[in-house]
Undergrad: 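Got a structure for you, written out below as structure tokens; questions coming shortly.
Owing to the predicted nature of the structure, the values given are computational and were not obtained by experimental measurement.
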Amino acid sequence: MKSIFALILSAVYLLLPACESDEHAHGERGEPISSEHEHEHEHEHEHEHEHGREGGSEVAVGFADFRLTVLGNSVAVGFLSDTQMGQELSADNEFFNAMLSGKPQHPSTFDDYYKHHFKNVFSSGQHCVSLACRIEHNNFHVHNLAVSGARASGTRPVDIAAQLERADLRTTHYVLEAGTNDFCDLDFDQDTLIASLRQVSEKILARNAQAQLLIVPVLPVVSVFRDVTSPEDTAFTRDGKTYTCAQIRDGGLAPPEYRQLASFCPRISGADTAQLDVMQAELDAVNAALGALTSTTTHVDASLAPEDGSLAANAHRVTLAASLAKQVFEPQHLAADCFHPSRAGIEVISAQIFAHVPDWKPHRVVVTDSRPQSRLTH
């Protein structure tokens with residue numbers, strides 16, 4: 001009888017909607033939930049309930065949480081995902097308002113706004129576009145720590161290593177989306193980038209012996225410059241005026257002495273076809289090295305292991321979303337800066353990523369009974 005009661009509880013739990021809409025996850029007006037509300041929700045799911053004590057035995061229903069942490073850059077933020085290349089730009093876009101006024105601000109200034117109000121690849125539940133929604137998980141235990149401009153090899157508070165320090169130690173699933181800003185730097189060095197990604201990966205695996213890690217390859221930015229867009233293409237129109245990719249993406253609106261600073265990818269901007277071909281070969285080499293990384297991260301520095309020695313850094317814990325390295329993008333997949341993903345681009349990236357981790361699961365109901373061998377998992 002107690003087992004039947006536990007199964008009924010499990011069935012009721014499984015019928016609850018797992019994928020929250022943006023309105024529920026962020027409030028009716030799109031605002032983020034308060035930390036107090038989030039803690040109440042976590043307490044509700046972490047609490048173990050006991051049911052039916054009879055003859056010295058008891059049935060307990062607990063919840064094994066799925067906690068997702070995203071480490072990344074502007075792609076993970078969803079920066080400019082409310083725009084599309086070649087279209088009319090909304091008059092209330094604050095980023096472009098600042099840029100066109102001659103008083104540009106760093107993209108990270110707008111990160112919270114984009115995370116909370118628009119689609120992004122990993123943590124926005126709207127219309128089941130994000131990874132969190134595709135795996136039927138709600139947003140209560142999703143922590144998107146991505147910062148626009150973050151580098152894998154950097155040591156600033158915005159960079160990947162610092163993001164990991166801020167991550168919840170209870171995280172069960174990590175996404176590492178980094179490397180594009182490193183690749184776009186004028187001082188790009190492949191060995192430094194790969195070593196940095198390896199170090200972060202090893203630290204992630206050492207934090208939690210059961211943690212799963214998904215690594216996103218460096219997206220095909222060279223192809224975007226060489227095959228998808230040209231400097232003369234229309235980035236967007238506004239009030240009857242046309243702005244080109246060279247003006248927006250390549251820093252053309254900035255004075256010549258500041259052009260490289262204003263460019264989204266200074267290493268690639270202005271490169272000719274031959275130079276772009278060389279860079280494509282370099283990008284292919286980076287992603288090939290990442291492929292090797294997913295099978296060699298098992299050799300974790302012993303100093304990073306938990307004191308009890310329980311670290312189980314097996315190759316199957318690390319997945320590379322390899323297909324994204326060769327993803328073919330089209331103009332409609334790009335935002336109004338001719339560089340970042342648009343809404344359509346986010347949907348393409350999210351679908352490809354989910355295809356690599358279809359077995360990632362949300363909360364599980366765990367039913368236990370005091371009698372031997374009576375533990376059931378649903």
Undergrad: In Å and rounded to the nearest 0.5 Å, what is the CZ to CE distance from Arg249 to Met85?
TA: 7.5 Å
Undergrad: Asp233 and Ser230: side-chain hydrogen bond (donor to acceptor under 3.5 Å, both in side chains), yes or no, with the steps?
TA: CA-CA 5 Å; Asp233 283 343; Ser230 70; 3.2 Å; yes
Undergrad: Please evaluate residues Ser196 and Arg151 with respect to the criterion side chain to side chain contact (heavy atoms under 4.5 Å, CB included), reporting the C-alpha separation (whole Å), side-chain torsions for both, the decisive distance (0.1 Å), and the verdict.
TA: CA-CA 9 Å; Ser196 299; Arg151 302 178 189 178; over 6 Å; no
Undergrad: Say whether, by atom type as modelled, one donor and one acceptor occur between the side chain of Asp185 and the main chain of Asp187 under 3.5 angstrom.
TA: no
Undergrad: Would the distance check show the side chain of Asp250 and the main-chain N or O of Gly270 forming a donor-acceptor pair, the cut-off being under 3.5 Å?
TA: no
Undergrad: Measuring only between side-chain heavy atoms, which start at C-beta, is Leu80 closer than 4.5 Å to Phe110?
TA: no
Undergrad: Quick one: are Ile204 and Leu71 in side-chain contact, heavy atoms under 4.5 Å?
TA: yes
Undergrad: With rounding to the nearest 0.5 angstrom, report the CG to CG distance, Leu89 to Asn97.
TA: 7.5 Å
Undergrad: Please lay out, stage by stage, how Leu176 and Ser201 fare under the test side chain to side chain contact (heavy atoms under 4.5 Å, CB included).
TA: CA-CA 8 Å; Leu176 175 58; Ser201 299; 3.9 Å; yes
Undergrad: Could you tell me whether a side-chain N or O of Thr172 sits under 3.5 Å from a main-chain N or O of Arg67, the two making a donor and an acceptor?
TA: yes
Undergrad: Are any side-chain N or O atoms of Asp168 and backbone N or O atoms of Thr69, one a donor and one an acceptor, separated by less than 3.5 Å?
TA: no
Undergrad: Working to the nearest 0.5 Å, report the span between CG of Asn208 and OG1 of Thr171.
TA: 8.0 Å
Undergrad: Can you tell me how far CZ of Phe236 sits from CG of Asn93, rounded to the nearest 0.5 angstrom?
TA: 8.0 Å
Undergrad: Is the ring pair His173/Trp360 parallel, tilted or perpendicular, if the boundaries are 30 and 60 degrees?
TA: perpendicular
Undergrad: Mark yes or no for whether Asn144, through its side chain, and Phe122, through its backbone, hold a donor-acceptor pair below 3.5 Å.
TA: no
Undergrad: Would you call Leu290 and Leu197 a side-chain contact if the rule is heavy atoms closer than 4.5 Å?
TA: yes
Undergrad: Is any side-chain heavy atom of Phe329 closer than 4.5 Å to a side-chain heavy atom of Asp227?
TA: no
Undergrad: In this structure, which one of Arg207, Arg317, Gln212 forms a side chain to side chain donor-acceptor pair (under 3.5 Å) with Tyr174?
TA: Arg207
Undergrad: State, without any angle test, whether Thr244 and Glu232 hold a side-chain donor-acceptor pair at a distance under 3.5 Å.
TA: no
Undergrad: To the nearest 0.5 angstrom, please state how far the OG1 atom of Thr83 sits from the CD atom of Glu88.
TA: 12.5 Å
Undergrad: Tell me the closest heavy-atom pair linking Ala321 and Ile353, and the distance in Å.
TA: CB-CG1, 4.3 Å
Undergrad: Are Tyr243 and Phe96 close enough that some pair of their side-chain heavy atoms sits under 4.5 Å apart?
TA: no
Undergrad: Looking just at side-chain N and O atoms, do Ser74 and His340 make a donor-acceptor pair shorter than 3.5 Å?
TA: yes
Undergrad: Please assess Val147 against Gln163 for the test side chain to side chain contact (heavy atoms under 4.5 Å, CB included), listing each intermediate value before the final yes or no.
TA: CA-CA 8 Å; Val147 182; Gln163 291 178 29; 3.9 Å; yes
Undergrad: Taking atom CD of Glu94 as the centre, does the number of heavy atoms from other residues, nucleotides or ligands within less than 6.0 Å exceed 12?
TA: no
Undergrad: Between Ser269 and Ser263, do the side chains contain an N or O donor and an N or O acceptor separated by less than 3.5 Å?
TA: yes
Undergrad: Nearest heavy-atom pair of Asn73 and Ala150: which atoms, and what distance?
TA: CB-O, 3.9 Å
Undergrad: Taking atom CD of Gln199 and atom OG of Ser153, what is their separation to the nearest 0.5 Å?
TA: 11.0 Å
Undergrad: Could you tell me whether the side chain of Leu320 reaches within less than 4.5 Å of the side chain of His356, counting heavy atoms only?
TA: no
Undergrad: Is there a side chain to side chain contact (heavy atoms under 4.5 Å, CB included) between Arg343 and Asp82 once you walk through the steps?
TA: CA-CA 7 Å; Arg343 293 183 182 90; Asp82 58 328; 3.9 Å; yes
Undergrad: If I compare all heavy atoms of Leu324 with all of Pro217, which pair ends up nearest, and what's the gap?
TA: CB-CG, 3.9 Å
Undergrad: Thr242 and Gln247: which non-hydrogen atoms are nearest, and at how many Å?
TA: O-OE1, 4.0 Å
Undergrad: Could you check whether any side-chain N or O of Arg238 sits under 3.5 Å from a backbone N or O of Ala91, counting only pairs where one atom can act as donor and the other as acceptor?
TA: yes
Undergrad: Tell me, do Leu193 and Gln190 make a side-chain contact under 4.5 Å, heavy atoms counted?
TA: no
Undergrad: Please tell me if the side chains of Ile349 and Leu219 come closer than 4.5 Å, counting only heavy atoms from C-beta onward.
TA: yes
Undergrad: I'd like to know if the side chain of Ser101 reaches the main chain of Ala98, judged simply by a donor and an acceptor atom lying under 3.5 Å from each other, with no hydrogens or angles considered.
TA: yes
Undergrad: With no hydrogens and no angle check, is any side-chain donor or acceptor of Lys115 less than 3.5 Å from a backbone partner on Ser123?
TA: no
Undergrad: Of all the heavy-atom pairs spanning Gly149 and Asn181, show the shortest one and how long it is.
TA: C-ND2, 3.2 Å
Undergrad: Count I, L, V, M, F, W, Y as connected when their side-chain heavy atoms are under 4.5 Å apart, and connections chain through other members. Are Leu145 and Val158 then in the same cluster?
TA: no
Undergrad: Is there a donor-acceptor pair under 3.5 Å between the side chain of Arg226 and the backbone N or O of Asp277?
TA: no
Undergrad: Describe, in one word, how the ring planes of Phe264 and Phe79 are oriented to each other, choosing from parallel (under 30°), tilted (30 to 60°) and perpendicular (over 60°).
TA: tilted
Undergrad: Where do Phe225 and Cys265 come nearest, in terms of heavy atoms and distance?
TA: CZ-CB, 3.9 Å
Undergrad: If we ignore hydrogens and angles and just use 3.5 Å, is the side chain of His333 paired with the main-chain N or O of Glu330 as donor and acceptor?
TA: yes
